[in-house]
Amino acid sequence: MSGPYLYDEGPEDLHTGTPRNRNGLILGVFGGTVVLGIAMVVALPLVRGGGEEQAREVVGVFLAALEAGDTETAGDLLCTAERDRGDVAEILPAYEHPGTGEVAGVEDGTLGDQDSREVRVRWDDGEEATLTVVLEDGPRICGTSG
């Protein structure tokens with residue numbers, strides 16, 4: 001190479017040093033993603049609540065909807081099998097009871113081959129009923145006894 005240069009030494013290579021290994025950054029990003037994913041899975045029950053808490057909540061909303069005469073909300077909280085039995089207006093009277101009901105307790109159960117929660121409801125007059133709650137696109141009411 002010849003010619004006039006700004007400096008007498010001539011042109012230098014721009015990158016003359018040994019290249020740096022950046023695998024640590026890539027591994028850190030992937031490792032952080034995995035740790036974040038595991039933390040989200042562990043934290044999900046804390047945010048959504050456990051099965052017992054979800055069953056209590058859905059029964060409370062269901063009872064409040066029945067008491068307020070909100071058949072649309074109450075019907076939406078029924079499982080598919082209950083809704084398939086016929087018109088919601090014909091199904092809901094089996095769940096209704098005069099007065100106010102409150103959740104008295106929750107126990108594990110099974111409905112066919114599906115895990116469920118049996119939620120005991122105590123009414124103002126002292127009577128009790130049990131509502132079966134299954135997990136079907138969220139907790140849903142799927143039967144009553146008592």
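Below, each value reflects all heavy atoms present in this structure, side chains not excepted, and no hydrogens, waters or symmetry copies. FYI, the numbering just counts along the sequence from 1. Note that the structure is predicted; figures quoted are calculated from it, not measured.
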Exercise for review: Verify side-chain contact (heavy atoms from CB on, under 4.5 Å) between E67 and T100, making sure each step is shown before the conclusion.
Suggested key: CA-CA 7 Å; E67 189 175 345; T100 303; 3.3 Å; yes

Exercise for review: To the nearest 0.5 angstrom, please state how far the CZ atom of R120 sits from the CD atom of E107.
Suggested key: 6.0 Å

Check your understanding: So, for R140 and D137, which heavy atoms are closest and what is the spacing to 0.1 Å?
Key -> NH2-O, 3.1 Å

Practice item. For C142 and A81, work out which heavy atoms get closest and say how close. Key: SG-CB, 4.3 Å

Exercise for review: Any chance you could measure L77, atom CG, to E72, atom CD, to the nearest 0.5 Å?
Suggested key: 11.0 Å

Review point. Within a strict 4.5 Å, meaning less than it, do heavy atoms of the Q54 and L135 side chains meet?
Key: yes

Review point. Hey, what do you get for CG (L131) to OG (S145), rounding to the nearest 0.5 Å?
Key: 8.0 Å

Study note, to complete from the structure: In this structure, CG of L92 is separated from CG of L78 (nearest 0.5 Å) by 5.5 Å

**Study point:** From CD1 (I38) to OG1 (T33), nearest 0.5 Å
**Key:** 11.0 Å

Check your understanding: Would L63 and I91 show up in the same hydrophobic cluster when neighbours are defined by side-chain heavy atoms closer than 4.5 Å?
Key -> yes

Exercise for review: Compare every heavy atom of A55 with every heavy atom of V119, then report the nearest pair and how far apart it is.
Suggested key: CG2-CB, 3.8 Å

Review point. Under a 4.5 Å cut-off applied to non-hydrogen side-chain atoms, are V121 and T130 in contact?
Key: no

Review point. Can you check side-chain contact (heavy atoms from CB on, under 4.5 Å) on V106 and E118, steps first, answer last?
Key: CA-CA 6 Å; V106 180; E118 304 296 325; over 6 Å; no

Exercise for review: Would you mind listing every ring pair (Phe, Tyr, Trp, His ring centres under 6.0 Å) that reaches into residues 63-113, with sequence neighbours excluded?
Suggested key: F62-Y95, H97-W123

Exercise for review: Evaluate the salt bridge (Lys or Arg N to Asp or Glu O under 4.0 Å) criterion for residues E102 and R122: first the C-alpha distance (whole Å), next the side-chain angles of each, then the deciding distance (0.1 Å), finally the verdict.
Suggested key: CA-CA 5 Å; E102 67 177 34; R122 185 171 298 122; 5.0 Å; no

**Study point:** Pair R56 + E53: basic N to acidic O under 4.0 Å
**Key:** no

Exercise for review: Can you measure from CG (L66) to OG1 (T73) and round to the nearest 0.5 angstrom?
Suggested key: 10.0 Å

Review point. What are the two closest non-hydrogen atoms of V58 and V133, and how far apart are they?
Key: CG1-CG1, 3.8 Å

